[in-house]
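Encoded as structure tokens, the structure appears first; notes follow it.
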Amino acid sequence: MSRKMIVGATLYLVIGVLMGMGMSMTENYTLSPVHAHINLLGWVSMALGGILYHLFPNAAKSRLGKWHFWLHMIGIPLMMAGLASLLLTENSSFVPLVSVGGVMVVAGAVLLMINAAKHMR
Ligand code: HEM
Ligand code: HEM
């Protein structure tokens, strides 16, 4: 689980910094919140999760860890795709996509909290 989280995190890092470069080159900052959250939720939060699972193997073995990983790996792209579409089109029909992705990300964070309380000793 630790390895999976860290590989996932580096994928978000590459996407996030490429976006940052794209925004700088085109001087178009419309997608700045998407860039910020791909880096902060995808790279920083997932990498921290991966390091925690390496430090606490019992938490990594728990099903809570698996659920945390998948909720973030599915929730972050949904939330970010929805937010990017919303910012580019200003069409509010993308709000449910942002909401579903956002709720999945929050649920993943709650599972990490429960896993920490139970298995990170
Ligand atoms: C090559 C790497 C990167 C480039 C070229 C880059 C570029 C940018 C640019 C052009 C903006 C928009 C600034 C504006 O709206 O005035 C921005 C915003 C931001 N970036 Fe990056 N970025 C990079 C990496 C990162 C990383 C690794 C993180 C976090 C771990 C990050 C976090 C943020 C945040 C939080 C904002 C929003 C700041 C705000 O709204 O005040 N960036 N970045
Ligand atoms: C489900 C999780 C999250 C949601 C729904 C969320 C939502 C938001 C919203 C609505 C804003 C205001 C954007 C704007 O005014 O343009 C924001 C800004 C920000 N958030 Fe988050 N956030 C989440 C997670 C995080 C995490 C985990 C971090 C840091 C590790 C973070 C760091 C920031 C920063 C630095 C800003 C200011 C940068 C900007 O305006 O683009 N957020 N967030």
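Just so you know, ligand 1 is whichever comes first in the structure, and atom 1 is the first atom listed for that ligand.
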Can a non-hydrogen atom of Gly16 be found less than 4.0 Å from any atom of ligand 1?
->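 In this structure, Gly16 fails to qualify as a contact of ligand 1 - no heavy atom is under 4.0 Å.
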Distance under 4.0 Å to a non-hydrogen atom of [X]: what atoms of ligand 1 satisfy this?
X     : result
Met21 : 5 (C)
Met23 : 8 (C), 9 (C), 10 (C), 11 (C), 12 (C), 17 (C)
Tyr29 : 10 (C), 12 (C), 15 (O)

Drop me the distance from [X]'s [atom1] to [Y]'s [atom2], to the nearest 0.5 angstrom.
X     : Y      : atom1 : atom2 : value
Ile74 : Met104 : CD1   : CE    : 5.0 Å
Met21 : Leu18  : CE    : CG    : 6.5 Å
Leu97 : Leu78  : CG    : CG    : 5.5 Å
Trp43 : Ile6   : CH2   : CD1   : 8.0 Å
Met73 : Met5   : CE    : CE    : 9.5 Å

N/O separation below 3.5 Å, Ser24 to ligand 1 |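 It does not: no N or O of Ser24 is found under 3.5 Å from an N or O of ligand 1.
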Identity of the nearest option to atom 4 (C) of ligand 1, non-hydrogen atoms only, from Gly20, Gly22, Gly42 =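 Result: the heavy atom closest to atom 4 (C) of ligand 1 is in Gly20.
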For [X] and [Y], work out which heavy atoms get closest and say how close.
X     : Y     : value
Tyr53 : Gly65 : OH-CA, 3.5 Å
Ser2  : Gly50 : OG-O, 2.9 Å
Met79 : Leu41 : CE-CD1, 4.0 Å

Can you check whether a protein heavy atom sits less than 4.0 angstrom from [atom]?
atom                    : value
atom 22 (N) of ligand 1 : yes
atom 25 (C) of ligand 1 : yes
atom 39 (C) of ligand 1 : no
atom 13 (C) of ligand 2 : no
atom 32 (C) of ligand 2 : yes
atom 8 (C) of ligand 2  : yes

Validation row: Leu88, Leu31 side chains within 4.5 angstrom (heavy atoms) |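 Leu88 vs Leu31: side chains touch.
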Is there side-chain contact between Phe69 and Met46, with at least one heavy-atom pair below 4.5 Å?
->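 Sidechains of Met46 and Phe69: in contact.
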Contacts of type ring pair (Phe, Tyr, Trp, His ring centres under 6.0 Å), residue His72, not counting sequence neighbours |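 For His72, the residues satisfying ring pair (Phe, Tyr, Trp, His ring centres under 6.0 Å) (neighbours in sequence not counted) are His68.
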Which residue pairs pass the side-chain hydrogen bond (donor to acceptor under 3.5 Å, both in side chains) test with at least one member in residues 10-36, sequence neighbours excluded?
->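 Output for this query lists Asn28-Thr30, His35-Asn39.
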Any side-chain hydrogen bond (donor to acceptor under 3.5 Å, both in side chains) involving residues 106-121? Give me the pairs, sequence neighbours left out, ordered by first then second residue.
->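 Pairs touching residues 106-121 that pass the test: none.
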Nearest protein heavy-atom contact for [atom]: which residue, which atom, what distance?
atom                    : value
atom 5 (C) of ligand 2  : Met79 CE, 3.6 Å
atom 29 (C) of ligand 1 : Asn39 CB, 3.5 Å
atom 19 (C) of ligand 1 : His35 CD2, 3.4 Å
atom 1 (C) of ligand 1  : Val17 CB, 3.7 Å
atom 30 (C) of ligand 1 : Val44 CG2, 3.7 Å

Over 12 non-hydrogen atoms of neighbours within 6.0 angstrom of CE in Met120 =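 Counting neighbours around CE of Met120, more than 12 heavy atoms of other residues, nucleotides or ligands fall under 6.0 Å, so yes.
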Give me the protein N, O or S atoms that fall under 2.8 Å of atom 21 (Fe) of ligand 2, sorted by chain and residue number.
->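 Result, waters dropped: His37 NE2.
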